[in-house]
J.: 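I'd like to ask some things about the structure below.
Just the heavy atoms: all of them, side chains too, but no hydrogens, waters or symmetry mates, feed the values below. Proteins get letters first, then strands, A, B, ... in listed order; numbering begins at 1 in each.
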Protein chains: 2
Amino acid sequence: MRISDVARHAGVSPSTVSYVLSGKRSISETTRRRVKESIDALGYQPHAGARSLASRRSNVIALVIPLRGDVHVPVAMRFAVSVVTAARAHDHDVLLLTQGEGPDGLRRVSGSAMVDGVIVMDVEADDARVPVLRELDLPSVLIGVPEDTEGLTCVDLDFAAAGAACVHHLADLGHTDLAFVGQPPSVYERRTGFAERTTTGFERAAAERGVRATLHPCSPDTAHGLAEDLLRERPGLTGLIVHNEPSVGPLLESFAEHGRTPPELSVVAIGPVPPGAPPLTSVDLPAEEVGARAVGLLMDKIDGPGNPGVTLLEPRLTSRESTAPRA
Amino acid sequence: MRISDVARHAGVSPSTVSYVLSGKRSISETTRRRVKESIDALGYQPHAGARSLASRRSNVIALVIPLRGDVHVPVAMRFAVSVVTAARAHDHDVLLLTQGEGPDGLRRVSGSAMVDGVIVMDVEADDARVPVLRELDLPSVLIGVPEDTEGLTCVDLDFAAAGAACVHHLADLGHTDLAFVGQPPSVYERRTGFAERTTTGFERAAAERGVRATLHPCSPDTAHGLAEDLLRERPGLTGLIVHNEPSVGPLLESFAEHGRTPPELSVVAIGPVPPGAPPLTSVDLPAEEVGARAVGLLMDKIDGPGNPGVTLLEPRLTSRESTAPRA
DNA sequence: TTGAAAGCGCTAACAT
DNA sequence: ATGTTAGCGCTTTCAA
């Protein structure tokens with residue numbers, strides 16, 4: 001089943017069928033209908049390889065997903081799914097690359113013309129893939145923001161603003177003694193953009209508002225110990241900002257064991273609130289929107305010059321039952 | 001940069017370069033080396049579209065991932081990553097399809113010759129994609145087992161054996177009153193194979209050993225209530241089997257509030273044990289092995305007749321501190 | 001508004 | 001052991 005079969009069935013030339021499919025030149029309404037009917041009748045589907053050979057377009061984009069232990073998997077998956085959905089809306093498929101393949105994976109899919117562009121997740125401040133992207137002249141969009149963004153297209157939540165929004169929310173409620181519970185230490189050590197920017201925003205806003213504020217990296221298995229430490233060393237603490245979804249549960253339980261529960265201890269989460277947890281005041285991570293934006297920007301780069309630059313989505317803090325004015 | 005450039009550089013014909021690359025006919029050692037040097041010197045990479053057009057092989061497989069709320073995402077991700085890794089070892093890339101595309105997605109990637117085969121995850125007993133796979137004559141492997149496996153290739157953990165192994169382990173320790181905490185109700189309602197088979201194995205083994213045994217679907221937000229119910233209604237309960245990773249934590253805490261802690265209350269988990277949790281006796285879900293097997297079987301089907309049938313991997317129960325002889 | 005035909009870059013059958 | 005060459009199925013230029 002190929003394009004010439006459709007052409008014969010519709011009584012037109014192969015090129016006409018091609019143009020009906022691509023819309024790249026005007027076709028009379030009658031011809032178009034006839035061709036479409038033949039396509040449906042025969043169940044024709046163009047051969048992707050032939051198409052990419054002739055048009056130099058594969059209609060596939062690559063998505064590089066993280067597979068580090070310290071990356072919160074459900075969030076990564078939400079990004080991935082939203083990228084696939086958005087890509088399909090632009091008539092593209094998604095090829096999955098793992099972090100493990102690293103720069104070589106990018107070279108491979110680019111050099112073999114398998115993909116028209118690439119979206120890279122979980123970008124670090126000094127990311128080894130960034131120089132490769134610059135060298136490859138492969139359209140790309142980063143989810144996350146490296147240190148040097150020269151010539152790159154990046155999308156992310158404005159994590160600095162998110163960190164600041166939490167401080168302002170708590171400060172507005174009268175809280176003056178805050179702790180920020182962050183990502184696992186390894187995340188900061190490799191200088192992952194989003195984590196760094198959040199703490200920066202937190203610290204800056206805390207300084208601005210003149211509140212006491214401290215930073216505490218945390219992983220789920222150290223959450224309990226951290227809570228104990230804070231209870232002991234920070235008796236005046238009334239505001240907690242948690243940028244670490246899997247630790248929210250353990251942390252709240254540990255505080256609860258000592259009678260410290262929301263909203264007396266006011267808690268703000270950055271990121272999706274786990275189902276089944278008490279409804280927390282939170283800054284949500286709009287993964288769907290970030291994914292869709294990344295795909296949109298990538299399509300612009302594939303089709304034309306694109307809009308290089310950093311797009312930071314405004315965070316939105318949703319006030320729920322876990323925060324209240326200071327007693 | 002194309003194959004003829006390499007051929008000229010190496011002083012051979014294009015077909016020789018092709019054969020060096022594919023290994024499909026014998027090449028003298030000297031020629032092979034010369035060609036390889038040229039390939040390296042020029043940084044040649046074959047055009048994937050041209051290759052798939054000429055060879056009728058795309059060297060890409062599709063992976064259909066679930067995106068239901070009730071599927072445990074980190075486990076799904078482990079499968080996905082292991083599939084990508086194994087596929088790369090067989091010189092294939094992986095195209096990501098979401099459940100949302102359903103049967104049409106399969107038809108599309110098959111009809112356009114984008115992929116050589118497909119791996120479908122999270123298969124239900126009566127899965128809408130199974131008839132499509134039968135009709136498409138696209139090589140496929142299912143991770144999971146539907147009701148009618150006629151003509152299909154399936155891989156999975158032997159969940160029935162896993163359920164049974166937990167019963168035998170506890171019965172061997174003298175426990176006679178067991179509860180099985182399962183997946184969210186929706187998972188059973190759509191008759192997901194692995195969930196059903198686990199409970200079947202559990203019930204069969206319990207009957208065999210003559211122990212009291214009950215089934216309890218559960219989601220993270222109902223875990224606490226379920227624990228309360230069990231404490232009230234099952235005072236003699238000393239053995240708990242949990243086939244629901246995200247509920248393990250909440251469940252154990254609820255029991256602990258009433259002084260019931262492992263190993264007095266002996267607990268066996270089916271699935272990966274969350275990091276930071278106490279070391280539980282468990283039957284691990286060998287996602288890496290399942291993924292690698294699925295890819296291996298798919299490659300066999302792509303290259304030849306394959307081995308249709310159901311491959312069930314033997315579960316291995318690892319005894320840890322959460323189980324002990326009945327007091 | 002449509003058709004004819006020249007490639008796109010590779011593989012594999014055929015030839016030597 | 002290697003070379004020649006006819007496609008693979010599509011897009012797009014050129015022509016009408």
Side-chain angles (χ1 to χ4, degrees), chain A residues 1-36 38-39 42-60 91 93 108-116 302-303, chain B residues 1-36 38-39 42-60 91 93 108-116 302-303:
Chain A
M1 165 65 47
R2 39 199 210 286
I3 201 169
S4 58
D5 297 322
V6 177
R8 196 174 317 114
H9 187 275
V12 298
S13 73
S15 60
T16 297
V17 177
S18 175
Y19 284 119
V20 165
L21 248 18
S22 69
K24 286 188 183 173
R25 79 179 183 194
S26 55
I27 303 279
S28 73
E29 194 43 43
T30 39
T31 306
R32 183 202 311 288
R33 188 166 39 250
R34 208 139 35 87
V35 170
K36 292 218 152 162
S38 296
I39 288 172
L42 301 179
Y44 169 70
Q45 295 195 252
H47 188 288
R51 180 171 261 189
S52 91
L53 178 57
S55 69
R56 326 192 124 259
R57 280 290 189 80
S58 66
N59 276 42
V60 175
D91 195 32
D93 273 285
R108 185 169 52 79
V109 296
S110 166
S112 61
M114 294 192 79
V115 305
D116 299 331
I302 290 173
D303 293 330
Chain B
M1 167 65 49
R2 36 198 211 288
I3 200 169
S4 59
D5 297 323
V6 178
R8 194 173 318 114
H9 187 274
V12 298
S13 74
S15 62
T16 297
V17 178
S18 175
Y19 284 121
V20 166
L21 249 18
S22 70
K24 287 189 182 172
R25 79 179 183 195
S26 54
I27 302 280
S28 73
E29 193 44 42
T30 40
T31 306
R32 183 202 312 287
R33 188 165 38 249
R34 207 140 35 87
V35 169
K36 292 218 153 165
S38 296
I39 287 172
L42 302 179
Y44 168 71
Q45 295 196 251
H47 187 288
R51 179 172 262 188
S52 91
L53 179 58
S55 69
R56 330 196 116 254
R57 282 291 189 82
S58 65
N59 275 42
V60 175
D91 196 32
D93 273 285
R108 184 169 52 79
V109 296
S110 166
S112 61
M114 295 192 79
V115 305
D116 300 331
I302 290 173
D303 294 330

J.: What are the residues of residues 3-19 of chain A, sorted by number, that bring a heavy atom to within less than 4.0 Å of DNA chain D?
T.: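 Residues of residues 3-19 of chain A under 4.0 Å from DNA chain D: A:I3, A:S15, A:S18, A:Y19.
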
J.: Using whole Å, report how far CE of A:M114 lies from C1' of C:dC10.
T.: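 Distance, rounded to whole Å: 15 Å.
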
J.: Which residue is it: B:V35, B:L42, B:I39? I am looking for the one with a side chain to side chain contact (heavy atoms under 4.5 Å, CB included) to B:H9.
T.: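 It is B:L42; the other options fail the test.
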
J.: For the pair made of CZ in A:R32 and P in C:dT1, what is the distance, rounded to whole Å?
T.: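 For the pair A:R32 CZ and C:dT1 P, the rounded distance is 10 Å.
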
J.: Of all nucleotides in DNA chain D with an atom under 4.0 Å from a non-hydrogen atom of chain B, which is the first and which the last going 5' to 3'?
T.: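 Reading along DNA chain D, I get D:dA1 to D:dG9.
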
J.: Any chance you could measure A:D303, atom CG, to A:D116, atom CG, to the nearest 0.5 Å?
T.: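 Taking CG in A:D303 and CG in A:D116, the distance rounds to 9.0 Å.
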
J.: Quick one: label B:T31 by what it contacts on the DNA or RNA (base, sugar-phosphate, nothing), any heavy atom closer than 4.0 Å.
T.: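 Answer is sugar-phosphate: B:T31 comes under 4.0 Å of backbone atoms only.
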
J.: Any side-chain N or O of B:R25 below 4.0 angstrom from OP1/OP2 of C:dT11?
T.: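 Result: no.
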
J.: So does B:R51 get a side-chain nitrogen or oxygen closer than 4.0 Å to the phosphate oxygens (OP1/OP2) of C:dT11?
T.: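 It does, given that an N or O in the side chain of B:R51 lies less than 4.0 Å from OP1 or OP2 of C:dT11.
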
J.: Of the candidate nucleotides C:dC8, C:dT1, C:dG9, which contains the atom at the shortest distance from the side chain of B:R2?
T.: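 The answer is C:dG9.
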
J.: To the nearest 0.5 Å, tell me how far B:Q45 CD sits from A:S110 OG.
T.: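 Between B:Q45 CD and A:S110 OG, I get 7.5 Å after rounding to 0.5 Å.
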
J.: For a 4.5 angstrom cut-off between non-hydrogen side-chain atoms, does A:R51 reach A:H47?
T.: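 Not in contact.
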
J.: For the atom pair OG (B:S112) and CG (A:N59), what is the distance rounded to the nearest 0.5 Å?
T.: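 Going from the OG atom of B:S112 to the CG atom of A:N59 covers 10.0 Å.
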
J.: Please round to the nearest 0.5 Å and tell me the distance separating atom CZ of B:R34 and atom OG1 of B:T16.
T.: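 Reported to 0.5 Å precision, the distance equals 9.5 Å.
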
J.: Find the distance A:L53:CG to C:dG7:P and express it as a whole number of Å.
T.: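 Between P of C:dG7 and CG of A:L53: 14 Å.
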
J.: Check whether any side-chain nitrogen or oxygen of B:K24 sits under 4.0 Å from OP1 or OP2 of C:dA12, and answer yes or no.
T.: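 Looking at the OP1 and OP2 atoms of C:dA12, one of them is under 4.0 Å from a side-chain N or O of B:K24.
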
J.: Check the pair B:D5, B:R2 against side chain to side chain contact (heavy atoms under 4.5 Å, CB included), reporting the backbone distance first and the verdict last.
T.: CA-CA 5 Å; B:D5 297 323; B:R2 36 198 211 288; 3.7 Å; yes

J.: With rounding to the nearest 0.5 angstrom, report the NZ to OG1 distance, B:K36 to B:T31.
T.: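 OG1 of B:T31 is found 12.5 Å from NZ of B:K36.
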
J.: Please give me the minimum heavy-atom distance between A:L53 and B:A50, naming the atom from each residue.
T.: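 Taking A:L53 first and B:A50 second, the nearest heavy atoms are CD1-CB, 3.6 Å.
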
